[in-house]
Each structure stands twice: as C-alpha cells, then as structure tokens.
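So the structure is just underneath, and the comments pick up after that.
One-based numbering, in listed order, for ligands and for the atoms of each. A quick note: this is a predicted structure, and the numbers were derived from the prediction, not measured. Heads up: numbering here begins at 1 and tracks the sequence.
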Amino acid sequence: MLEIRDLHIAYGGIQAVKGISLDVPKGQIVTLIGANGAGKSSTLRAISGLCKNRRGTIAWNGKDITGLDPVGIVKAGIVMSPEGRRIFPHLTVLENLHLGAYSRSDKDGIARDLAWVLELFPRLSERRNQKGGTLSGGEQQMLAVGRALMSEPDLVMLDEPSLGLAPLLVREVFDIIRTINAKGMTVLLVEQNAYAALKVAHYAYVLETGVVTLQGTGEELIADERVRAAYLGG
Ligand code: ATP
C-alpha cells in the first residue's frame, strides 16, 4: 500500500501540487485524471524520488520512503514508465528491456520476465533486434512500459501510456494494464484518456490545479455529472 499525505510540490515560486493525499492499495489499479498541468506527472515524479522540491510524506508498506533517491525507490519495488517514450534510441529492443532489470541479479527470474514481457507485447518480440529509435511512436511507448516491468515491480506507475496511440493500440494498452494487474502488480495510472482509465480503475482521483477535487471508485466517477461534463465530453 502506498500512502501519500499532504504532498506539496513547488517549482520556484509556483505551487504545482498543493497538499494532496492519496492511497494506492496493494493489488489495485488507481488512476489520476485531470487537465494538463494539474500536477499528475509531478506527483509520479515525487514518488519516484525525482522531485526534491516537495513536502509531505510518502509511505510504502508502512515505511517512510520520502527521502529515498530514485535507485532506492526502484529497489523498494516501485517503478515509473515516464511520459514521452524515454527509451534508449541507439540500443535494441532487447537491450532496452535488459536495462530495465539493472537492479536485479536473479538471472533465471530476468529471463522469465523477459519472455513474459515479449509475450505481452508481440510487436516488441517481432522487433527485438531493432534499434529503439527506429520503432514507431506507439512501439516506443510499449517498450517504455515493458522496460518498467523488467524491474519486477510491486507498484508500476504509468504516465500517459496511451498518449498518441491509434485506437486499436489504446485498447491493447488498457488490456495490458489489466493483465499486469491480474498478475499481482499494483498500478498507479496517469491518463488523459479519462473514460478508459476510469473503466479500468478500482479507485480514482481527479486532480485540478494541484488539488484533489473528487475521488471515488472508477464507476462512481464515470457516473458523476461533474466528471462527465469536464472529462468525458458531457
Ligand atoms: P500534463 O497532463 O500536461 O502532463 P500534469 O498534470 O502531469 O500535466 P505536471 O506535469 O505535473 O502536470 O505539471 C504541473 C505544473 O507544474 C504545470 O503548471 C507545469 O508547468 C509545472 N512544472 C512541471 N515541471 C516543472 C519544472 N521542471 N519547472 C517548472 N515548472 C514545472
């Protein structure tokens, strides 16, 4: 269980996140939705240990992890697949995936997870020896998610995994989110595609200019008039 309490994040004089609290229970899919600039990516970055300009507490399975650096966070079992296809363009698909397992030394486990990720993403499997930079945008996004899974996380945080994908691939990505959750991974999902995210989520938070304005189960929020008007196109 991830527990965030009173998280504040500031950039210079600008408060991007203003005291949010959220819970991500073990085994669940929790989603953060909200307009551009609401503070969703900043929140994921703070959990990852990438944001030093923050206040508040972040606890993971009862332990305070607020002060850990990014490597410590990955070792604790939390990994983020960042927005915007941050893969290594000059390395092959397989090399990119192996890098995701850099903090592990269990060779058999790594081989097993590599086979699993390639099964999860047949497109990556077909292109395993292709350089990352020559993959299509959607394929690079899948590679970023696959690489995150290679660290064998307990909690995987996905920042806009469906961004810019064709409708068929969007469906595939949400199916994959369900599959990795069924395998036991906890998922914290940031999405612009609010309807699909709420459909898949056990619980959801709406973030507006750095504040949680609404929360509830995915079903509750899909039925909420305010959510329908602002995020689901009425
Ligand atoms: P989007 O959906 O557009 O990615 P978001 O909800 O993920 O938005 P953040 O990326 O967390 O929002 O940004 C929150 C606010 O903080 C924005 O106003 C953004 O301009 C600002 N911000 C984010 N990173 C920085 C930075 N490194 N320096 C200054 N301001 C920043």
Side-chain angles (χ1 to χ4, degrees), residues 2-24 29-58 65-70 73 78-87 137-138 140-145 147-148 155-167 169-170 173-174 177 186-201 203-216 218 221-222 224 226-233:
L2 182 78
E3 293 171 277
I4 298 176
R5 293 292 172 269
D6 201 26
L7 179 69
H8 291 74
I9 302 169
Y11 299 104
I14 296 168
Q15 285 287 328
V17 172
K18 304 166 190 160
I20 66 170
S21 295
L22 32 110
D23 288 343
V24 185
I29 301 174
V30 172
T31 190
L32 302 182
I33 63 169
N36 291 118
K40 306 179 299 294
S41 299
S42 297
T43 300
L44 295 195
R45 287 170 47 79
I47 299 165
S48 304
L50 291 166
C51 241
K52 289 296 153 211
N53 40 346
R54 45 105 189 91
R55 285 191 287 125
T57 57
I58 304 170
I65 57 162
T66 319
L68 291 186
D69 64 14
I73 295 291
I78 300 177
V79 73
M80 171 167 70
S81 168
E83 183 182 353
R85 309 163 184 176
R86 304 242 179 84
I87 52 120
Q140 291 188 27
Q141 217 142 300
M142 291 186 169
L143 181 55
V145 175
R147 189 181 57 193
L155 169 64
V156 60
M157 301 192 291
L158 305 174
D159 196 352
E160 309 265 10
S162 81
L163 191 72
L165 298 188
L169 280 190
V170 171
V173 162
F174 281 96
I177 291 171
T186 304
V187 179
L188 177 55
L189 173 68
V190 161
E191 261 296 335
Q192 291 285 333
N193 191 337
Y195 183 73
L198 292 173
K199 277 294 256 195
V200 81
Y203 203 80
Y205 294 88
V206 177
L207 225 60
E208 282 171 13
T209 57
V211 181
V212 172
T213 51
L214 283 170
Q215 57 179 288
L221 292 197
I222 284 178
D224 190 293
R226 291 160 294 181
V227 173
R228 299 183 79 86
Y231 301 104
L232 304 177

When you measure from [atom] to every protein heavy atom, which one gives the shortest distance, and what is it?
atom: atom 4 (O) of ligand 1; answer: Glu83 OE1, 3.5 Å
atom: atom 29 (C) of ligand 1; answer: Tyr11 CB, 3.3 Å
atom: atom 5 (P) of ligand 1; answer: Lys40 N, 3.5 Å
atom: atom 3 (O) of ligand 1; answer: Asn36 ND2, 2.8 Å

**Message:** Val173 and side-chain contact (heavy atoms from CB on, under 4.5 Å): which single residue from Val145, Leu165, Asn193 fits?
**Reply:** Leu165
**Request:** Have a look at Leu22 and tell me which of Leu7, Leu32, Leu2, Val30 forms a side-chain contact (heavy atoms from CB on, under 4.5 Å) with it.
**Result:** Leu32
**Message:** Please report whether atom 26 (C) of ligand 1 has a protein non-hydrogen atom at a separation of less than 4.0 Å.
**Reply:** yes
**Prompt:** Is at least one protein non-hydrogen atom found at under 4.0 angstrom from atom 20 (O) of ligand 1?
**Reply:** no
**Complete:** Exactly one candidate in Ser48, Ser81, Ser41 meets side chain to side chain donor-acceptor pair (under 3.5 Å) with Asp159; the answer is Ser41
**Asked** With only distance considered, is Ala38 within less than 3.5 Å of ligand 1 through an N or O on each side?
**Response** yes
**Prompt:** Is the CZ atom of Arg226 crowded by more than 12 outside heavy atoms at less than 6.0 Å?
**Reply:** no
Please list, in number order, the atoms of ligand 1 under 4.0 Å from a heavy atom of [X].
X: Glu160; result: 2 (O)
X: Ala16; result: 14 (C), 15 (C), 16 (O)
X: Gln192; result: 2 (O)

**Request:** Please step through side chain to side chain contact (heavy atoms under 4.5 Å, CB included) for the pair Leu188 and Leu44, ending with a clear verdict.
**Result:** CA-CA 9 Å; Leu188 177 55; Leu44 295 195; 3.6 Å; yes
**Asked** With distance as the sole test, does Glu191 use its side chain to make a donor-acceptor pair with the main-chain N or O of Ala197 at under 3.5 Å?
**Response** no
**Request:** From atom 7 (O) of ligand 1, work out which of Ser41, Gly39, Gly12 has a heavy atom at the shortest distance.
**Result:** Ser41
**Complete:** Of Ser42, Gly37, Ala35, the one whose closest heavy atom lies nearest atom 18 (O) of ligand 1 is Gly37
**Prompt:** Hey, does Val212 have a side-chain heavy atom less than 4.5 Å from the side chain of Val206?
**Reply:** no
**Item:** Check ion pair Asp23-Arg5 (N to O, under 4.0 angstrom)
**Value:** yes
**Prompt:** ligand 1 versus Arg45, non-hydrogen atoms closer than 4.0 Å: side chain, backbone, both, neither?
**Reply:** neither
**Message:** Run Ser42 and Tyr11 through side-chain hydrogen bond (donor to acceptor under 3.5 Å, both in side chains) and show every step you take.
**Reply:** CA-CA 10 Å; Ser42 297; Tyr11 299 104; 2.7 Å; yes
